[in-house]
Amino acid sequence: MLDLHVHLLGHKDREANRETIRAFLDEATRRGLKEIGFADHDYYWDQMNFPLIREVAKDYPNLAVRIGFEAEYRPHEEDRIKNLLHQFPFDFVLGSVHEFDGWIFDIPEEEHMHHKKDADEFYARYFEVVTLAAKSGLFTTIGHLDLIKVFGVRPRRDILTLADEALTAVEERGLVLEVNTNGRYKPVREFYPEQRLMEEIQRRGIEFTLGSDAHSAENVGRDLEEASQMLREIGVQSVVGFSRLDKVSYTLD
């Protein structure tokens with residue numbers, strides 16, 4: 001139905017030209033998506049070409065092509081993100097935490113540290129930073145809520161307790177949480193967030209969106225039908241897209 005987390009530039013391994021844009025939009029069309037959202041990492045800002053995406057999107061009248069970006073949240077860099085937000089009329093802004101206290105925790109080189117560190121401590125610190133991201137007022141959406149589980153290391157404490165304050169901040173500010181299917185292709189081998197968190201998010205009335213986190217065109221929309229079915233099974237009736245920061249609701253048929 002919609003994929004609001006795709007990376008046109010991948011890991012900066014290609015250019016944002018007509019050919020690459022079309023590859024993503026063609027795959028979205030092939031999969032029958034109604035909406036696709038480009039959300040490249042903010043540290044590739046100088047390589048982004050938002051006007052070209054808008055131009056190419058005109059050739060796909062049956063596909064809502066949204067433009068956002070994925071901003072790395074660090075508590076001391078809120079002004080940097082605000083400055084970027086003022087430079088283009090974005091449809092959505094995805095806030096993510098891939099690092100804290102100087103530790104980039106989700107790269108393969110750091111997997112061994114997940115087994116050395118105290119999981120309760122680094123989970124708690126991770127969710128503290130996610131809470132700050134949610135309270136910052138910078139984002140429409142919080143990405144891959146429990147990314148900290150990427151290497152399959154679990155805390156002793158209940159995940160609902162650890163995530164409670166972050167979920168409260170998301171709820172109070174009317175933010176959206178994504179079901180991100182890319183976790184299935186990481187060592188943890190499951191979607192973000194885990195089932196219990198999905199159920200708690202639904203219980204609180206927080207809205208969901210969907211994202212493949214595709215870094216190549218062939219992965220656009222990957223596993224989103226299954227993610228949609230998981231949401232239906234816990235009572236979710238709709239998911240959220242965006243247009244110029246306003247929510248657009250899509251019924252889960």
Side-chain angles (χ1 to χ4, degrees), residues 2-12 36-45 47-48 66-85 90-108 110 114 122-151 159 162-163 165-167 169-170 173 175-186 188 190-194 197-198 201 206-215 219 227 240-242 245:
L2 75 159
D3 189 344
L4 232 61
H5 191 158
V6 306
H7 293 276
L8 178 64
L9 297 172
H11 289 292
K12 203 179 173 182
I36 184 173
F38 290 103
D40 277 302
H41 294 286
D42 56 336
Y43 35 85
Y44 300 152
W45 183 266
Q47 285 73 48
M48 297 179 189
R66 311 302 192 191
I67 298 178
F69 74 104
E70 181 176 7
E72 177 66 35
Y73 181 80
R74 303 178 187 90
H76 59 285
E77 292 190 7
E78 292 189 4
D79 287 343
R80 177 186 65 84
I81 299 171
K82 288 178 184 177
N83 179 59
L84 297 179
L85 290 173
F90 291 102
D91 293 302
F92 66 102
V93 185
L94 190 63
S96 297
V97 176
H98 298 88
E99 66 175 272
F100 52 86
D101 303 331
W103 183 35
I104 305 174
F105 63 81
D106 70 329
I107 57 176
E110 292 299 314
H114 287 249
F122 68 70
Y123 265 77
R125 178 59 179 147
Y126 168 78
F127 280 112
E128 285 178 3
V129 180
V130 173
T131 300
L132 293 174
K135 289 180 176 181
S136 70
L138 296 169
F139 309 116
T140 62
T141 311
I142 297 297
H144 34 59
L145 176 68
D146 57 352
L147 179 65
I148 193 66
K149 72 182 181 187
V150 59
F151 295 114
I159 192 64
L162 289 163
E165 189 176 357
L167 291 177
V170 167
R173 285 154 182 77
L175 304 183
V176 174
L177 292 175
E178 68 168 2
V179 178
N180 183 311
T181 60
N182 195 43
R184 171 170 285 173
Y185 304 93
K186 301 298 183 179
V188 70
E190 69 179 33
F191 295 164
Y192 310 113
E194 66 170 81
L197 281 170
M198 284 191 202
I201 292 163
I206 297 169
E207 295 172 294
F208 287 93
T209 191
L210 299 170
S212 66
D213 212 338
H215 282 67
N219 292 332
V240 173
F242 286 94
L245 306 182

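This one's a predicted model, so the numbers in the text were calculated from it and none came from an experiment. Reckoned from all heavy atoms, side chains included, excluding hydrogens, waters and symmetry mates.
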For H41 and K12: C-alpha separation, side-chain torsions, deciding distance, then whether side chain to side chain contact (heavy atoms under 4.5 Å, CB included) applies. CA-CA 9 Å; H41 294 286; K12 203 179 173 182; over 6 Å; no
D40 vs Q47, test: side chain to side chain contact (heavy atoms under 4.5 Å, CB included). Steps then yes/no. CA-CA 10 Å; D40 277 302; Q47 285 73 48; over 6 Å; no
What do the steps show when you test V97 against L132 for side chain to side chain contact (heavy atoms under 4.5 Å, CB included), and what is the final call? CA-CA 10 Å; V97 176; L132 293 174; over 6 Å; no
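With a 4.5 Å cut-off on side-chain heavy atoms, N182 and H144 do not count as touching. The closest side-chain heavy-atom distance from L2 to R66 is not below 4.5 Å. At least one side-chain heavy atom of P193 sits less than 4.5 Å from a side-chain heavy atom of I201. Counting only heavy atoms from C-beta outward, the side chains of L145 and F127 approach each other to under 4.5 Å. Within the 4.5 Å cutoff, the side chain of F242 has heavy atoms near those of the V176 side chain. At a threshold of 4.5 Å between non-hydrogen side-chain atoms, the residues V170 and V130 do not count as touching. Counting heavy atoms from C-beta outward, Y192 and K186 have side chains that approach closer than 4.5 Å.
The line from CD of E70 to CG of D213 is 6.0 Å long, rounded to the nearest 0.5 Å. Rounded to the nearest 0.5 angstrom, K149 NZ and E194 CD are separated by 5.5 Å. Rounded to the nearest 0.5 Å, atoms NE2 (H114) and CG (D106) are 7.5 Å apart. The distance from the CG atom of L175 to the CG atom of L167 is 11.0 Å, given to the nearest 0.5 Å. Considering CG of D146 and CZ of F191, their distance stands at 12.5 Å, rounded to 0.5 Å. Atoms CD and CG, on E77 and N83 in that order, are 12.0 Å from each other to the nearest 0.5 Å.
Across every non-hydrogen atom of A163 and L197, the tightest pair is CB-CD2, 3.8 Å. Heavy atoms only, all atoms of each residue included: E178 and G211 are closest at OE1-CA, 4.1 Å. Across all their heavy atoms, L210 and A227 have their closest contact at CD2-CB, 4.1 Å. Nearest heavy-atom pair, F139 versus A71, reported as atom, atom and distance to 0.1 Å: CE2-CB, 3.7 Å. Closest of all the heavy-atom pairs between L4 and G241 is CD2-CA, 4.0 Å. Here the closest heavy-atom approach between residue E78 and residue S136 is recorded as OE2-CB, 3.6 Å.
The aromatic rings of F69 and F90 sit tilted, their planes meeting at an angle between 30° and 60°.
Remark: side-chain polar atoms of D91 are paired, donor with acceptor, to backbone N or O of I67 under 3.5 angstrom. In this structure, the side chain of T140 engages the main chain of V93 through a donor-acceptor pair within 3.5 Å. Without hydrogens or angle criteria, H5 side chain to A214 main chain gives no donor-acceptor distance under 3.5 Å. Although no hydrogens or angles enter the test, the distance criterion places no donor-acceptor pair under 3.5 Å between the side chain of H76 and the main chain of R74. A distance-only check finds a donor-acceptor pair linking the side chain of E72 to the backbone of H98 [under 3.5 Å].
Contacts of Y126 classified as ring-ring contact (aromatic ring centres under 6.0 Å, His included), with partners at least two apart in sequence or in another chain: F105.
At most 12 non-hydrogen atoms from other residues, nucleotides or ligands lie less than 6.0 angstrom from CD of E165.
Considering D3, T141, L94 as possible partners of T209, the one that fulfils the side-chain contact (heavy atoms from CB on, under 4.5 Å) test is T141. The only member of F151, F100, W103 that meets ring pair (Phe, Tyr, Trp, His ring centres under 6.0 Å) when paired with F122 is W103.
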